[in-house]
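Given the structure is predicted, the values throughout are model-derived calculations rather than measurements. Chain letters run A, B, ... following the sequence lines, proteins first and then strands; every chain starts at 1. No hydrogens, no waters, no symmetry mates; every other heavy atom, side chains included, goes into these values.
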Number of protein chains: 2
Amino acid sequence: MAITTKELKHKKTECTQATMAVRDALDVLNGRWKLPIIVSLSFGVKRFNEISKEVLGISDKVLAKELKDLEMNMLIKRTVYDTFPPTVEYNITEHGKSLNSVIEELKDWGTLHRKKIIGR
Amino acid sequence: MAITTKELKHKKTECTQATMAVRDALDVLNGRWKLPIIVSLSFGVKRFNEISKEVLGISDKVLAKELKDLEMNMLIKRTVYDTFPPTVEYNITEHGKSLNSVIEELKDWGTLHRKKIIGR
DNA sequence: GTAAGTACTAACCTTTTGGAAAGCACTTAC
DNA sequence: GTAAGTGCTTTCCAAAAGGTTAGTACTTAC
């Protein structure tokens, strides 16, 4: 089911703003780790190893990558202190906090869904 | 950074219900295609090829898989009519409609984020 | 009989994602 | 000098996701 450039252009004009905005949001939050990390940081400033322990199952490599992504999208801020054993702190930004209502909705829906499907 | 069973059990007791619910929701909606498909179907009943044309870039194989996933999670319903060229219709369920507020939030946040980062 | 249309599935291959383990730079404490 | 602690990075490898192309079952229209 190949899509020709013509079809793509044609469809693009029909494509609603809404769908694109949802896609934008999903792209930023993609994967299993972004939101758990944000939730973890929403409880306060944390260091690398603290996040690594709180977000269950994440590997160092992936955590480092996810933190970079989140920083690039201005959802979190990285602060380095030049201490003896190095200290790096991560905290949410105002922009990151604006995700609160999204997270609330996901939490509510997740709870509803669990009742409906998993724990029926 | 391996996690021992002991650590896992220990942390599990601390792990908030909230984080698990968010995870549940994300698991159901994972990937780039689930929500676009749901949005597409939220505008009305559609057939396989119609969805395939509306959800830009998705391949037949992936579409078929995603539709199966969504049906298993009771978000959409599949109806087969035994006509000459076969007809299969997909529509959202009530449970699927309960995602509306999540989608609204994602849309709003996506719009905000685009202003902040992409089109600053 | 042959072409067309629908909704897929199967086979094959490439890309992406992700985990485990080790290493590194730097400094302090012993 | 050597061990420890921090925040990563690198290498290697396995699994998962995803794209392309072809094919199938069935019937109807020509």
B/Glu105: what forms a salt bridge (charged side-chain N to carboxylate O under 4.0 Å, His left out) with it, not counting sequence neighbours?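 Scan of B/Glu105 (salt bridge (charged side-chain N to carboxylate O under 4.0 Å, His left out), adjacent residues dropped) gives none.
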Counterpart residues, salt bridge (charged side-chain N to carboxylate O under 4.0 Å, His left out), relative to A/Lys97 (two or more places apart):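 Per chain and number, A/Lys97 pairs via salt bridge (charged side-chain N to carboxylate O under 4.0 Å, His left out) with A/Glu94.
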Ring pair (Phe, Tyr, Trp, His ring centres under 6.0 Å): which pairs involve residues 68-105 of chain A, sequence neighbours left out?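 As it turns out, the ring pair (Phe, Tyr, Trp, His ring centres under 6.0 Å) pairs with a partner in residues 68-105 of chain A, which skip direct neighbours, are A/His95-B/Trp109, A/His95-B/His113.
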Expressed as a whole number of angstroms, how long is the span from B/Lys53:NZ to C/dG5:C1'?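 Checked: the NZ to C1' distance equals 11 Å.
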Spacing between B/Phe84 atom CZ and C/dA3 atom C1', to the nearest angstrom: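 Atom CZ in B/Phe84 sits about 19 Å away from atom C1' in C/dA3.
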With sequence neighbours left out, which residue pairs that include part of residues 37-47 of chain A fulfil the salt bridge (charged side-chain N to carboxylate O under 4.0 Å, His left out) condition?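 Sorted result for residues 37-47 of chain A: A/Lys46-A/Glu54.
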Residue pairs fulfilling salt bridge (charged side-chain N to carboxylate O under 4.0 Å, His left out) with at least one residue in residues 28-39 of chain A, sequence neighbours excluded: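 Passing the test, one end in residues 28-39 of chain A: A/Lys34-A/Glu66, A/Lys34-A/Asp69.
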Encode nucleotides 6-19 of chain D as B, S and - characters from 5' to 3', where the letter depends on protein heavy atoms closer than 4.0 Å: B to the base, S only to sugar-phosphate, - to neither. BSBSBB------BB
